[in-house]
Number of protein chains: 2
Amino acid sequence: MERGALTIQEAAQTTGWSARMLRYIEETGLVVPGRSPSGYRLYGPAELQRLRTLRHLLEEFDVELSDVGFALRMQRDQELADAVGAWLLAPAIRPGEVSDSGWLAYEQDKHLQLLAAAGRTRPRHHDIEEETA
Amino acid sequence: MERGALTIQEAAQTTGWSARMLRYIEETGLVVPGRSPSGYRLYGPAELQRLRTLRHLLEEFDVELSDVGFALRMQRDQELADAVGAWLLAPAIRPGEVSDSGWLAYEQDKHLQLLAAAGRTRPRHHDIEEETA
DNA sequence: AGAACCTTCGCATAACTATGGTAAGGTTTG
DNA sequence: CAAACCTTACCATAGTTATGCGAAGGTTCT
């Protein structure tokens, strides 16, 4: 079998996920490895790095796979991203209105940057790490 | 009690949500109404509109409250947004895999603002309509 | 005062998420 | 060939999400 890519168990070891989870993660569409002609999943350097980063992401910011899955959906569905973005945008802009009981003062997040629709964000040439590859 | 803002039950009726859900939605931080001096929740035009839009959003794109909640988190936590954005960015590219400094690389993608706000439709003066207010 | 609201707290639950197993059956390779 | 992998499929479960309902106790309005 091709050397340069790890099988699921090997990948599991070096990434810290269980083989079971790697299959689950594939199901969610977050990291889909290639397959050998006989159907074995083959994790290359890119996938491995991605899996580690994913792990890091979930741990560092108490985020869940489903959350990242949603972000992925937004990245792929511009319309969805627009809709969500618009919804999020609204609250900030709300001049004088009701509820002025003082206390409910919104923190002025003047910096509601938005995140990402990297979809076509063309020019980012960002390389990946390698593995026992 | 102040007129111009609806109490939870009235708000529930005009938005289609149940009072229970309005409390839940408040818990998630998605729509937090003001309060009367005695503690009653007061939903103003903005909140009402927001609740309807939210409903529309969930229905139109099979999205869940927790998903929007996550988007909200990203909007408020730039660091989180950057991390997720960076992670999402990686997969698309397939240069030729050079490799080196690995993960510290994307750290530079600090400028990947993104996610679609309904942005460009600039003057999308989305006015809020009135209620029995 | 009393009806009709509102509040928080807690119980209950169906559906889903995140994981772990196990079984039946191919694939690789020593 | 047989051990050691891999695959899909299905069972199981702790935890979370999304909802509803009811209790105990303030608030409003008529």
Side-chain angles (χ1 to χ4, degrees), chain A residues 1-44 47-48 51 54-59 61-73 98-99 101 103-104 132, chain B residues 1-44 47-48 51 54-59 61-73 131-132:
Chain A
M1 198 187 295
E2 301 289 350
R3 253 311 97 178
L6 314 188
T7 60
I8 198 169
Q9 201 145 96
E10 304 170 312
Q13 302 239 293
T14 57
T15 61
W17 291 102
S18 63
R20 177 69 173 74
M21 283 311 289
L22 292 190
R23 298 204 184 87
Y24 181 61
I25 291 172
E26 175 181 16
E27 235 176 61
T28 69
L30 292 174
V31 176
V32 181
R35 296 293 185 115
S36 74
S38 64
Y40 280 27
R41 290 179 179 72
L42 295 179
Y43 292 85
E47 283 76 38
L48 295 171
L51 286 169
L54 178 60
R55 185 162 249 304
H56 178 66
L57 185 62
L58 303 206
E59 283 165 10
F61 306 83
D62 182 44
V63 166
E64 290 171 24
L65 283 176
S66 57
D67 291 327
V68 185
F70 178 62
L72 179 64
R73 257 190 81 187
V98 203
S99 58
S101 307
W103 51 339
L104 184 75
T132 56
Chain B
M1 196 188 296
E2 300 289 349
R3 254 315 98 181
L6 314 188
T7 60
I8 199 168
Q9 200 144 98
E10 303 170 313
Q13 302 240 291
T14 58
T15 62
W17 291 101
S18 62
R20 177 68 174 75
M21 283 311 289
L22 291 190
R23 298 203 184 88
Y24 180 63
I25 290 173
E26 176 182 17
E27 237 175 61
T28 69
L30 292 174
V31 176
V32 182
R35 296 292 186 116
S36 75
S38 65
Y40 280 28
R41 291 180 179 72
L42 294 179
Y43 292 84
E47 284 76 38
L48 296 172
L51 286 169
L54 179 59
R55 184 161 249 304
H56 179 64
L57 185 61
L58 303 207
E59 283 167 9
F61 305 84
D62 180 46
V63 166
E64 290 172 25
L65 283 177
S66 56
D67 291 327
V68 184
F70 179 61
L72 179 63
R73 257 192 80 189
E131 212 48 34
T132 52

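Here is the naming used below: chain letters follow the sequence lines, and residue numbers restart at 1 for every chain. Quick note: numbers below take in every heavy atom, side chains included, and nothing from hydrogens, waters or symmetry partners. Everything numeric here is computed off the predicted structure, so don't read it as measured data.
- Atom CG of B:L48 and atom OG1 of B:T15 lie 7.0 Å apart (nearest 0.5 Å).
- Each of A:E26 and B:T28 was matched to the nucleotide of DNA chain D holding its nearest heavy atom; the match closer to the 5' end belongs to A:E26.
- Listed pair B:S66 / D:dA18 meets the phosphate criterion, a side-chain N or O lying under 4.0 Å from OP1 or OP2.
- Taking atom CZ of residue B:R35 and atom P of nucleotide C:dC6, one finds them 12 Å apart after rounding to whole Å.
- With D:dT17, D:dC6, D:dT7 as the choices, the nucleotide that has an atom nearest any side-chain atom of A:R23 turns out to be D:dT7.
- C:dT17 atom P lies 15 Å from atom CG of A:L72, rounded to whole Å.
- Considering only side-chain atoms of B:Y24, the nucleotide from D:dC6, C:dC5, D:dT17 that sits closest is D:dT17.
- As a whole-Å value, the separation of B:Y43 OH from C:dC5 P is 17 Å.
- The CE atom of B:M21 lies 8.0 Å from the OG1 atom of B:T28; values are rounded to the nearest 0.5 Å.
- Counting to the nearest Å, the C1' atom of C:dG20 and the CD1 atom of A:I8 are 14 Å from each other.
- In this model, the phosphate group of C:dT28 is approached by a side-chain N or O of A:S38 to a distance below 4.0 Å at OP1 or OP2.
- The side chain of B:Y40 sits closest to C:dC5 out of D:dC5, C:dC5, D:dA18.
- Look at CG on A:D67: it is 13 Å from C1' on C:dA18, rounded to the nearest Å.
- Contact check, A:T7 against D:dC5: no side-chain N or O comes under 4.0 Å of OP1 or OP2.
- OP1 and OP2 of C:dT27 both lie 4.0 Å or more from every side-chain N or O belonging to A:S36.
- Salt bridge annotation for B:R55-B:E59: present, with a cationic side-chain nitrogen under 4.0 angstrom from a carboxylate oxygen.
- The side chain of A:R41 has D:dT7 as its nearest neighbour among C:dT7, D:dT7, D:dC6.
- The nucleotide whose nearest atom lies closest to any side-chain atom of A:R20 is, among D:dC10, C:dT7, D:dC6, D:dC10.
- Look at CG on B:L57: it is 13 Å from P on D:dA18, rounded to the nearest Å.
- Going from atom CH2 of B:W17 over to atom C1' of D:dT19 covers 11 Å, rounded to whole Å.
- Taking the side chain of B:Q9 as heavy atoms from C-beta on, and the options D:dA18, C:dC6, C:dT19, the nearest nucleotide is C:dC6.
- Taking atom CD of B:E10 as the reference point, atom P of C:dC5 lies 9 Å away to the nearest angstrom.
- Atom CG of residue B:L65 and atom CH2 of residue B:W17 lie 4.5 Å apart, to the nearest 0.5 angstrom.
- A salt bridge links A:R35 to A:E26: one of the charged nitrogens lies within less than 4.0 Å of a carboxylate oxygen.
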